[in-house]
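Below is one structure, written out as structure tokens, with a few remarks after it.
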Amino acid sequence: MTRTRLAGWAYALCWAAGLMVVAGPPTDQPSKSQVRDYLAEHAGAAVVQSSLVHLLAAMCLLVVLRAVAQRLDGLPAARLLLPLGVGAVAVSLAQWSVLVVVCATAGHLGGGAAASMLGTIGLLDTVKLVLLGLVVGSTVPGQRIRQAPGWFRSFSVVLAILLPVSGSAFIVHSPVLYDALYLSLPLLIAWVCVAAHHPFAGDGDSTEPSVARRPQPSRLPQ
């Protein structure tokens, strides 16, 4: 199994493990003081969860996107793929950093400050989902040229639209957008796993583009 495929599976496992580490606050609409008290009480678990879904998962995603960019190298839209992917990973690392600071200082923060910092993590999620939507969308033209399956191209188009739309749930609080947000995560995980396994993503173990080997002329006896 190649490094890219391992990274795809690791991405899915990081998210699965992270979602099982800690549950949310006890109420659907906690007060600011409840948010602060919850973080102070579950600081360790919250940091572990964030390390899985924001730190390790981001590193795995970068490995997969690097391999996809390598395979699509030279195609116009694909030139944006890696910079956008690096941007999304950077935002994810910023989310992890903010969460660590909040958890480390939750016992000394006011309820409003803790809730505000969590709100910052949500706004960063909006930015990240927009970037990830652009990442997925940038692969679509190259998928056709590299002969990816038609269903995967259609899936990528739908996901490229769904990700930024679902990200707006952190700004426009709507049940429909929250449903889209919950749907977008498993679809993104599925996309990453398929992209890591499909040949159009390359094998990720070589930094050189694949070049067809020229046939050697046969040697004739003199």
Side-chain angles (χ1 to χ4, degrees), residues 1-22 45-72 78 80-100 121-122 124-140 142-143 146 148-149 151-153 155-164 166-167 170 180-207:
M1 184 177 291
T2 66
R3 182 175 65 239
T4 304
R5 293 182 178 183
L6 285 173
W9 284 114
Y11 180 79
L13 290 174
C14 283
W15 268 104
L19 293 176
M20 292 188 293
V21 167
V22 61
V47 170
V48 170
Q49 181 187 64
S50 184
S51 297
L52 287 167
V53 304
H54 292 144
L55 184 62
L56 296 179
M59 297 297 99
C60 295
L61 178 63
L62 188 60
V63 172
V64 175
L65 294 182
R66 179 180 176 275
V68 174
Q70 176 185 325
R71 180 57 174 155
L72 301 181
L80 300 175
L81 192 158
L82 200 54
L84 290 170
V86 171
V89 169
V91 173
S92 193
L93 297 182
Q95 289 179 291
W96 175 79
S97 300
V98 173
L99 193 282
V100 170
I121 295 175
L124 289 172
D125 230 343
T126 299
V127 176
K128 181 171 68 176
L129 288 170
V130 170
L131 290 172
L132 288 174
L134 293 172
V135 166
V136 174
S138 69
T139 68
V140 174
Q143 289 181 38
R146 294 293 189 255
W151 67 265
F152 187 61
R153 293 198 299 270
F155 178 37
S156 298
V157 171
V158 171
L159 186 60
I161 297 171
L162 179 63
L163 286 171
S166 66
F170 295 102
L181 184 62
Y182 294 138
L183 178 62
S184 66
L185 176 58
L187 293 182
L188 175 62
I189 293 172
W191 187 91
V192 172
C193 288
V194 174
H197 283 73
H198 194 273
F200 93 87
D203 62 10
D205 293 332
S206 174
T207 56

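Note that the structure is predicted; figures quoted are calculated from it, not measured.
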| How long is the span from the CE atom in Met20 to the CG atom in Leu52, to the nearest 0.5 Å? | 9.5 Å
| said: For Cys14 versus Leu56, what's the shortest heavy-atom pair and its separation? | reply: SG-CB, 3.8 Å
| Which of parallel (below 30°), tilted (30 to 60°) and perpendicular (above 60°) describes His54 and Trp15? | perpendicular
| query | If you take all heavy atoms of Cys193 and Ala12, which pair is closest and at what distance? | reply | SG-CB, 3.9 Å
| query | If you round to the nearest 0.5 Å, how far is NZ of Lys128 from CG of Leu61? | reply | 9.0 Å
| field | Closest approach of Ser166 to Leu129 (non-hydrogen atoms, all atoms of both residues) | value | OG-CD1, 4.1 Å
| task | Working to the nearest 0.5 Å, report the span between CD1 of Ile161 and OG of Ser184. | result | 13.5 Å
| query | Is there side-chain contact between Trp191 and Val64, with heavy atoms separated by less than 4.5 Å? | reply | no
| Atom CH2 of Trp151 and atom OG of Ser156: how far apart are they, to the nearest 0.5 Å? | 8.5 Å
| query | Between Leu185 and Leu19, does a side-chain contact (heavy atoms from CB on, under 4.5 Å) hold up when you go through it step by step? | reply | CA-CA 11 Å; Leu185 176 58; Leu19 293 176; 4.0 Å; yes
| field | Considering all heavy atoms, the nearest Leu82-Arg66 contact | value | CD1-CA, 3.9 Å
| In this structure, which one of Val136, Val135, Leu132 forms a side-chain contact (heavy atoms from CB on, under 4.5 Å) with Leu84? | Val135
| CG on Leu13 to CG on Leu6, rounded to 0.5 Å | 10.5 Å
| field | Note, Leu163 side chain near Val130 side chain (heavy atom, < 4.5 Å) | value | no
| task | Using the test side-chain contact (heavy atoms from CB on, under 4.5 Å), find all partners of Leu187 that sit at least two apart in sequence or belong to another chain. | result | Phe155, Leu159, Leu162, Leu183
| Which value, rounded to the nearest 0.5 Å, describes the distance between Thr139 atom OG1 and Leu81 atom CG? | 6.5 Å
| field | Ser92 (side chain) donor-acceptor with Ala88 (main chain) under 3.5 angstrom | value | no
| Backbone N/O of Ala196 and side chain of Thr4: donor-acceptor pair under 3.5 Å | no
| Shortest non-hydrogen contact from Ala7 toward Cys60 | O-CB, 3.5 Å
| task | Indicate yes or no: at least one non-hydrogen side-chain atom of Phe170 is less than 4.5 angstrom from one of Leu181. | result | yes
| note | Note: Gln95 and Leu124 closest approach over all heavy atoms is CG-CB, 3.6 Å
